[in-house]
Protein chains: 2
Amino acid sequence: MDNTETKQKILDTAQELFAEHGYSNTSLRQITSGAGVNLAAVSYYFGGKEQLLFELVGNTLRPLNAERLRRLDALTSNHSTEDVVRCFLEPAIDILSQDNCDIPCILGQAHREQNLALQAFIAQEVRPVAARFIDAIHDTLPRLGTAEILARGEFMIGALLHVLHSQTAVARALAPDQQRLNDNTFIAEQLIKFCTAGFSNE
Amino acid sequence: MDNTETKQKILDTAQELFAEHGYSNTSLRQITSGAGVNLAAVSYYFGGKEQLLFELVGNTLRPLNAERLRRLDALTSNHSTEDVVRCFLEPAIDILSQDNCDIPCILGQAHREQNLALQAFIAQEVRPVAARFIDAIHDTLPRLGTAEILARGEFMIGALLHVLHSQTAVARALAPDQQRLNDNTFIAEQLIKFCTAGFSNE
DNA sequence: GTCTATACTCCGATAGAC
DNA sequence: GTCTATCGGAGTATAGAC
């Protein structure tokens, strides 16, 4: 069997199972038997279960943050606060509309894992985006201090992660007849409006 | 040894260890040896590790939601949007200021666990508060549809849980010199302002 | 009723055979 | 590069001591 083929089959199966049952609730035996490879293959190719998760998270975060930076760079000098918020949120929410809905689950889970090494890994990936984002917000809301921008940035990340992870499960449980809660475009626009208004409060 | 004393020692130790290392990363053997009781005591008193978590979560959610309902009931007929948001957020953030900071960790973790039974348990506890909250928001923002209120309610919960869990860890990592990010009063006021503005956007 | 000792199954990891 | 065998530790269940 090919090297890359085995690795890819493990990654695909792990992504699927992690998304469905969660990292801790998925065993290496489920992954390897699902992928049709030997139990020891995960240790051989990735170094262990945790490094396998790191690989998945990195593969998701890298293109996402690259796209965020690309959009931030494309902003003109007289951009609005909503433009900046959109640069940050839209690439993440776009993933929800793609066919593979494992990715947002993996992403949301990663931020929530109580794992210092993983937290540091994520922080390192997000840092350059955060720095550019703070500057861009500062341009549109000069009266807002750095502490305010940082705090509100955390609120935005929290709201985004919650939506990525649960996909408004609480709201849909409370009102099953509200079909708009299943519409990702509706949720995306609501989230962008919500966060833009939240930031703009000087 | 007394019945209630053994149960309480298990609850206290479990709360501490779950908060520090996470539910999945804490073993029953750590809990029982830390509490000075036998391994089987958890099965005997709670039925298993999962039911032990349920008990902890319930003990945290019950008084929190009772306080939220009490404050919602105390609102006068001409309340503001900020009043309603404050009723929901302040009791949760007040916990942060208490000496026992295990509780917010347990709360944030509970929402994060990929566990359908736990999700249902939480949804059932939150449901009465959510229903009253939606009505109260509707009073102040009559042009807002139910779907909008529900979606934005999810964003607010996401932002709150993120703060409860990480206590603005990302922001503090990005700017260690911003002391205000360690001030719970500052974070609370910022969160209330952020969510109030987010809801008010009709 | 409370608690102890113990056994059972499953987990992640790894040394070593092939 | 792949696989088997095996290890220590996990959660769980229970028989029996007090």
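Residue numbers start from 1 in every chain, and the chains themselves are labelled A, B, ... in the order their sequence lines are given, proteins ahead of strands. The structure displayed is predicted, hence computed values, not measured ones.
Atom-to-atom, CG of A/Asn25 to C1' of D/dG11 comes out at 13 Å; the value is rounded to the nearest Å. Atom CG of B/Leu53 is separated from atom P of D/dT12 by 12 Å (rounded to the nearest Å). To the nearest angstrom, C1' of D/dA10 lies 15 Å from CG of B/Leu17.
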Under 4.0 Å protein heavy-atom contact, by nucleotide of nucleotides 12-18 of chain C - B base, S sugar-phosphate only: BBB----
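Applying the side-chain contact (heavy atoms from CB on, under 4.5 Å) rule to B/Ser200 yields the partners B/Thr81, B/Thr196; only residues at least two apart in sequence or on another chain are considered. Partners of A/Asp139 according to the salt bridge (Lys or Arg N to Asp or Glu O under 4.0 Å) rule, which considers only residues two or more places apart in sequence or in another chain, do not exist here. Scanning for salt bridge (Lys or Arg N to Asp or Glu O under 4.0 Å) contacts around B/Glu20 gives an empty result, with sequence neighbours left out. Every residue meeting the salt bridge (Lys or Arg N to Asp or Glu O under 4.0 Å) condition with A/Glu148, not counting sequence neighbours, appears here in chain and number order: B/Arg180.
Of the residues A/Leu56, A/Ile10, A/Leu53, the one that meets the side-chain contact (heavy atoms from CB on, under 4.5 Å) test with A/Phe46 is A/Ile10.
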Name each donor-acceptor pair under 3.5 Å that joins a side chain in residues 129-136 of chain A to protein atoms two or more places apart or in another chain, with its distance.
from, atom 1, to, atom 2, distance (Å)
A/Arg132, NE, A/Asp73, OD1, 3.4
A/Arg132, NH2, A/Asp73, OD1, 2.5

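Between B/Tyr45 and C/dC3, a side-chain N or O to OP1/OP2 separation shorter than 4.0 Å is present.
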